[in-house]
Amino acid sequence: MKKATMKKSGASEGKGGSSPSQHIDARIEELGDWRGEMLARIRSIIKQADPEVVEEWKWRGVPVWEHDGIICTGETYKAVVKMTFAKGASLEDPSGLFNSSLEGNTRRAIDFHEGDKIDEKALKALIREAVALNTSKRPASARKKSKSA
């Protein structure tokens, strides 16, 4: 019988008692190539940009970073690591980081290929803007819920 343990990371437990952070660690390890290194680098930048970020593991194996809603995901494919911003179409992108999923009304993505350099300053700014967008909408919805309760 497995003993349940409480984690203080803020991340919810995944299947098999593994936390989402442990699933992401395992994904990075199992990739074992440039994609794992790129995903680890992106993860580090996200955590630097938003120390309060919560890691999740959704949709049968997609790393997700949240703060009052989804900030972005980190999908890995054969030739690309895709960082999809849930509300990317609503974000300013003065550095032109978005290079994928540009036709939609909601999401925007950044495809990283082997050998690509990350503009950390611009990416952190984009992450912080996504967090600000999520947190700016929270108080209004919280007020609506409290009035109807």
Side-chain angles (χ1 to χ4, degrees), residues 2-141:
K2 288 186 178 179
K3 184 179 175 184
T5 56
M6 294 296 291
K7 298 214 181 307
K8 295 188 179 190
S9 66
S12 62
E13 291 294 312
K15 288 184 179 176
S18 296
S19 73
S21 294
Q22 289 169 323
H23 279 293
I24 296 170
D25 290 341
R27 169 62 51 83
I28 290 167
E29 184 72 26
E30 80 184 20
L31 287 166
D33 59 11
W34 72 268
R35 297 171 301 161
E37 292 171 14
M38 184 66 75
L39 185 59
R41 189 73 202 113
I42 290 167
R43 180 191 202 187
S44 174
I45 291 167
I46 293 167
K47 289 180 172 185
Q48 290 171 38
D50 180 18
E52 296 179 21
V53 71
V54 175
E55 294 187 315
E56 294 291 348
W57 186 253
K58 296 185 177 186
W59 310 299
R60 298 184 193 172
V62 176
V64 178
W65 290 275
E66 298 184 350
H67 186 143
D68 289 336
I70 295 174
I71 300 168
C72 62
T73 64
E75 305 119 276
T76 51
Y77 300 97
K78 188 174 183 176
V80 70
V81 175
K82 181 181 287 287
M83 186 179 187
T84 303
F85 284 76
K87 299 175 186 171
S90 299
L91 302 176
E92 293 293 322
D93 182 21
S95 299
L97 295 179
F98 291 132
N99 61 10
S100 183
S101 304
L102 302 175
E103 66 285 340
N105 293 330
T106 308
R107 292 184 299 277
R108 291 287 183 273
I110 305 168
D111 285 352
F112 294 100
H113 298 87
E114 187 171 8
D116 283 355
K117 300 287 185 234
I118 300 175
D119 182 341
E120 290 190 27
K121 184 177 179 183
L123 186 54
K124 286 178 184 177
L126 200 58
I127 292 162
R128 289 180 182 125
E129 187 182 350
V131 170
L133 179 61
N134 284 356
T135 57
S136 71
K137 295 189 176 193
R138 187 190 60 180
S141 63

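Below, each value reflects all heavy atoms present in this structure, side chains not excepted, and no hydrogens, waters or symmetry copies.
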Checklist line | Minimum-distance pair of heavy atoms, taken over all atoms of M38 and H113 | finding: CE-O, 4.0 Å
Item checked: Any L91 side-chain heavy atom under 4.5 Å of F98 side chain -> yes
Margin query: Please find the pair of heavy atoms, one from I118 and one from L123, that lie closest to each other, and give the distance.
Written below: CG2-CD2, 3.7 Å
Checklist line | Heavy-atom pair with the smallest gap, counting every atom of M83 and C72 | finding: CE-SG, 3.7 Å
Margin query: To the nearest 0.5 Å, what is the distance between CH2 on W65 and CD1 on I46?
Written below: 4.5 Å
Check: Salt-bridged, R43 to D25, with N to O below 4.0 Å?
Finding: yes
Margin query: Please find the pair of heavy atoms, one from D111 and one from S100, that lie closest to each other, and give the distance.
Written below: OD2-OG, 3.3 Å
Item checked: pair E55-P63: side-chain heavy atoms closer than 4.5 Å -> no
Check: Distance-only, no hydrogens or angles: does the R35 side chain make a donor-acceptor pair with backbone N or O of V80 under 3.5 Å?
Finding: no
Checklist line | Heavy-atom side-chain proximity of V64 to W59 below 4.5 angstrom | finding: yes
Margin query: Between R41 and E120 (salt bridge meaning N to carboxylate O under 4.0 Å), is one present in this structure?
Written below: yes
Item checked: Min side-chain heavy-atom separation K87-I71 under 4.5 Å -> no
Next item on the list: Please round to the nearest 0.5 Å and tell me the distance separating atom NE2 of H23 and atom CD of E30.
Entry: 11.0 Å
Item checked: Non-hydrogen side-chain atoms of W57 and V62 separated by less than 4.5 Å -> no
Check: Closest approach of S90 and L133, non-hydrogen atoms and distance?
Finding: CB-CD2, 3.8 Å
Notebook entry, point to check: Do the charged groups of K47 and E52 touch, with an N to O distance under 4.0 Å?
Noted result: no
Margin query: As an exercise, state the distance from OG of S44 to CG of L39, rounded to the nearest 0.5 Å.
Written below: 11.5 Å
Margin query: Show the nearest heavy-atom pair for residues T106 and A86, with the distance to one decimal.
Written below: CG2-O, 3.1 Å
Checklist line | Gap separating the CG atom of D50 from the CG atom of N134, nearest 0.5 angstrom | finding: 9.5 Å
Notebook entry, point to check: In Å, rounded to the nearest 0.5 Å, how long is the span from CD of E37 to CZ of F112?
Noted result: 14.5 Å
Check: Hey, are the side chains of I110 and V81 touching, using non-hydrogen atoms and a 4.5 Å cut-off?
Finding: no
Next item on the list: Working to the nearest 0.5 Å, report the span between CZ of R108 and OG of S101.
Entry: 8.5 Å
Note to self: Check this for me: R107, atom CZ, are more than 12 non-hydrogen atoms of other residues, nucleotides or ligands nearer than 6.0 Å?
What the structure shows: no
Check: Is any side-chain heavy atom of H67 less than 4.5 Å from a side-chain heavy atom of V54?
Finding: no
